[in-house]
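What follows is a set of notes on a single structure, which appears directly below.
Reminder, nothing fancy here: chain letters follow the sequence lines and each chain counts from 1.
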There are 2 protein chains.
Amino acid sequence: MNSKGYLKHIAYDSVVFGFSGEKLKILIMKYHNTGLFALPGGFVKFDEDLNDAVRRGLKERTGLDNIYLEQFYAFGSVARYKPEIMETIMKANGQALEEHSWLLDRFISVAYYALINYEDVVPTPDALSDSCDWYALDELPNLMLDHADIVAKALQTLRDNLERKLVGMNLLPTLFTMKELQKVYEAILGEKLHRGTFQRKILSLGILKRHEKQFSGAAHKAPFLYSFEQK
Amino acid sequence: MNSKGYLKHIAYDSVVFGFSGEKLKILIMKYHNTGLFALPGGFVKFDEDLNDAVRRGLKERTGLDNIYLEQFYAFGSVARYKPEIMETIMKANGQALEEHSWLLDRFISVAYYALINYEDVVPTPDALSDSCDWYALDELPNLMLDHADIVAKALQTLRDNLERKLVGMNLLPTLFTMKELQKVYEAILGEKLHRGTFQRKILSLGILKRHEKQFSGAAHKAPFLYSFEQK
DNA sequence: TTAATATTGTCGCAAATTGAGACAATAAGT
DNA sequence: ACTTATTGTCTCAATTTGCGACAATATTAA
């Protein structure tokens with residue numbers, strides 16, 4: 001990793017959404033010996049598309065290819081330029097400052113959100129961090145720099161896109177019940193939805209394929225299983 | 001202008017929308033002696049917010065402060081890296097390549113759209129261009145690099161935002177008629193709207209202030225004038 | 001002075017969409 | 001066989017939307 005290989009001044013950060021325990025969660029990294037928490041991010045190689053750089057980083061962090069990904073904002077304020085923070089991280093990792101001085105420069109960060117199936121992910125820290133873990137949105141640690149703003153804007157954008165893009169099913173396994181899908185929508189919107197109305201609305205879109213019944217093992221009528229009808 | 005003063009690899013491009021003659025138009029620059037057409041763009045100073053850099057550039061290009069501005073996408077593909085084009089532009093302007101070699105590097109461009117009142121603008125070319133002029137969206141010249149894609153995505157985003165943000169009135173003078181506002185919406189959406197329904201919908205939002213009648217001078221009932229009720 | 005014309009503000013009504021409750025069906029557990 | 005929890009679907013009212021109609025009015029023509 002050096003200034004020959006990566007574009008200066010440009011980074012990306014990713015808000016990786018997963019759904020588990022009826023809650024929306026995101027991946028957070030914790031840096032070695034610093035107590036600093038941050039979004040998974042990275043840099044762009046000279047000969048690499050910005051989008052590909054993000055996919056490459058997400059593959060390392062989650063083990064997944066073909067992730068649902070949306071770019072939502074480039075954060076470019078001067079206020080986010082805090083070289084002492086990067087210095088702290090590098091020193092805590094025994095990195096030579098001279099060789100990596102480009103990392104102490106100002107960065108504009110292009111932010112993406114990803115939607116993945118929680119069960120498929122193997123969260124994997126990078127060389128500078130000792131953990132990469134799920135945190136519920138309402139139980140986030142203090143994030144460094146403006147990463148809390150990035151999360152807030154990611155969630156807002158996800159809400160805005162909820163109807164226009166068919167976003168909900170990317171957070172579930174291939175097969176899921178209508179109730180599970182409704183819980184996803186409720187978690188994203190932060191409000192309860194009426195069961196009958198939700199079911200009617202989703203089915204009217206004609207994008208779900210209904211499968212044979214699931215045997216839930218519970219003491220009540222078993223729900224249908226659905227899959228997302230890819231176009 | 002040198003690499004000391006500006007961030008490397010980062011540019012912005014702006015799609016400046018105006019409304020005139022019942023059509024949506026945007027500002028296009030034409031570079032000296034090259035036949036190249038491009039969106040107004042620029043670079044970010046080391047100690048300058050990205051958003052401020054765009055406002056600074058737009059001020060130069062239009063003479064306006066306090067422009068309605070939305071960032072919508074960062075274009076970062078490798079395919080848009082065409083150093084020979086920038087070289088052509090610089091040579092046509094007698095610029096020394098060595099001094100400005102940072103301009104021949106790869107750039108990621110953060111794209112914004114602006115909505116302005118056509119009448120208020122004095123389009124002003126920069127040092128490298130001999131014109132900065134309005135072009136209707138359906139009569140654009142061939143734009144360099146991926147600027148046609150940028151325009152297409154700007155229009156798409158504008159459409160998507162049309163209801164959520166109260167976008168229409170930023171393209172009109174302070175006082176305007178309901179018919180004028182409807183024409184703006186129709187130009188953005190690319191379709192005719194029903195008059196009665198449109199008026200009912202807009203008025204129900206409660207964001208317009210009705211003024212005394214306009215005396216249109218035409219042979220029919222004079223319409224009300226409205227202004228946008230600032231919050 | 002009066003009639004004709006074009007456009008405006010508003011209304012009415014049917015169609016479509018949404019919100020909320022109700023009911024039968026059903027997979028266990030008792 | 002009865003109970004319980006939950007599901008799929010339906011119905012009905014409330015709301016929103018699409019579309020045409022009507023009176024009002026500023027100007028021009030007769």
| Is any side-chain N or O of B:Lys201 closer than 4.0 Å to OP1 or OP2 of D:dT17? | yes
| B:Gln182 and its side chain to side chain donor-acceptor pair (under 3.5 Å) partner, picked from B:Glu186, B:Glu180, B:Lys179 | B:Glu186
| request: Let me know the distance between CD of B:Glu212 and P of C:dG9, rounded to the nearest Å. | output: 13 Å
| query | Which ring pair (Phe, Tyr, Trp, His ring centres under 6.0 Å) pairs, counting each pair once, include a residue from residues 149-185 of chain A, with sequence neighbours left out? | reply | A:Tyr185-A:Phe198
| Under 4.0 Å between a side-chain N/O of A:Gln199 and OP1 or OP2 of D:dT9, yes or no? | yes
| Is the closest side-chain donor-acceptor distance between A:Asp126 and A:Ser129 under 3.5 Å? | yes
| request: Tell me, with the steps shown, if A:Leu203 and A:Tyr226 meet side chain to side chain contact (heavy atoms under 4.5 Å, CB included). | output: CA-CA 10 Å; A:Leu203 289 180; A:Tyr226 295 90; 3.9 Å; yes
| remark: Only residue of B:Glu163, B:Arg159, B:Arg164 satisfying side chain to side chain donor-acceptor pair (under 3.5 Å) with B:Asn161 is B:Arg164
| request: Report the distance from atom CZ of B:Phe198 to atom C1' of C:dT8, rounded to the nearest whole Å. | output: 15 Å
| said: If you define the side chain from C-beta out and look only at heavy atoms, does anything of A:Leu208 sit under 4.5 Å from A:Leu181? | reply: yes
| field | Spacing of A:Leu203 atom CG relative to D:dG8 atom P, expressed in whole Å | value | 9 Å
| said: It should be established whether A:Lys179 places a side-chain nitrogen or oxygen under 4.0 Å from OP1 or OP2 of nucleotide D:dT7. | reply: yes
| Nucleotide C:dT7, atom C1' - distance to CD of B:Glu180 in whole Å | 14 Å
| query | Taking atom P of C:dT10 as reference, at what distance in whole Å does atom CD of B:Gln182 sit? | reply | 15 Å
| said: Rounded to whole Å, please give me the gap between CD1 in A:Ile202 and P in D:dT7. | reply: 15 Å
| request: Would you mind reading off the distance between B:Leu205 atom CG and D:dT16 atom P, rounded to a whole angstrom? | output: 12 Å
| In the 5'-to-3' direction, what one-character label does each nucleotide of nucleotides 18-28 of chain D receive under the scheme B = base within less than 4.0 Å of a protein heavy atom, S = sugar-phosphate only, - = no such atom? | BBBB--BBBB-
